[in-house]
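No hydrogens, no waters, no symmetry mates; every other heavy atom, side chains included, goes into these values.
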Amino acid sequence: MTVTSREELFQEVSFIGYYFHWTEEQILRLPGLSRRRYCKEINRINRKVNGENNVFSI
C-alpha cells in the first residue's frame with residue numbers, strides 16, 4: 001500500500017482535473033493507484049503529441 005502525501009494528492013487532482021475537466025469529488029473517488037495511472041497516461045499522451053514535459057515525468 002502506498003500513502004499519497006497531501007502535496008501529491010493536490011498535484012494529481014489538479015493534473016487530472018485540468019486535462020479531463022472532472023470535478024475534485026470525482027477524482028477523489030478514484031483509488032490512489034487509478035489516479036496515478038491516469039496521471040501517467042495523460043503525461044504519456046502529452047509527450048507523444050507535443051513533447052510536453054510536466055509534473056508526472058516518468
Side-chain angles (χ1 to χ4, degrees):
M1 180 175 163
T2 303
V3 176
T4 304
S5 74
R6 182 176 249 184
E7 185 64 28
E8 290 171 326
L9 184 59
F10 277 113
Q11 288 175 350
E12 290 173 1
V13 170
S14 299
F15 193 69
I16 295 168
Y18 177 81
Y19 284 98
F20 286 172
H21 308 285
W22 292 352
T23 66
E24 180 180 42
E25 183 179 334
Q26 290 171 309
I27 298 165
L28 290 173
R29 277 195 226 135
L30 294 170
L33 290 176
S34 293
R35 280 194 315 271
R36 283 186 282 292
R37 176 61 197 240
Y38 276 111
C39 290
K40 288 179 181 180
E41 190 61 22
I42 293 166
N43 189 51
R44 185 191 66 77
I45 293 166
N46 282 340
R47 286 194 317 234
K48 184 176 180 180
V49 170
N50 58 15
E52 183 177 328
N53 194 10
N54 48 47
V55 174
F56 295 96
S57 295
I58 302 166

To the nearest 0.5 Å, what is the distance between [atom1] on [X] and [atom2] on [Y]?
| X | Y | atom1 | atom2 | result |
| --- | --- | --- | --- | --- |
| S14 | E24 | OG | CD | 8.5 Å |
| L9 | I27 | CG | CD1 | 9.5 Å |
| N46 | E41 | CG | CD | 10.5 Å |

**Prompt:** Partners of F20 by ring pair (Phe, Tyr, Trp, His ring centres under 6.0 Å), sequence neighbours excluded?
**Reply:** W22, Y38
**Residues which pass side-chain hydrogen bond (donor to acceptor under 3.5 Å, both in side chains) with Q26, listed by chain and number, not counting sequence neighbours** = T23
**Prompt:** Looking at residues at least two apart in the chain, or sitting in another chain, which of them share a salt bridge (charged side-chain N to carboxylate O under 4.0 Å, His left out) with E25?
**Reply:** R29
**Request:** Please name all residues satisfying side chain to side chain contact (heavy atoms under 4.5 Å, CB included) with L33, sequence neighbours left out, ordered by chain then number.
**Result:** R36
**Prompt:** Where the side chain of R35 meets the backbone of E12, is there a donor-acceptor pair that is under 3.5 Å apart?
**Reply:** no
**Item:** Single-linkage hydrophobic cluster, 4.5 Å side-chain cutoff, F10 and I42 together
**Value:** no
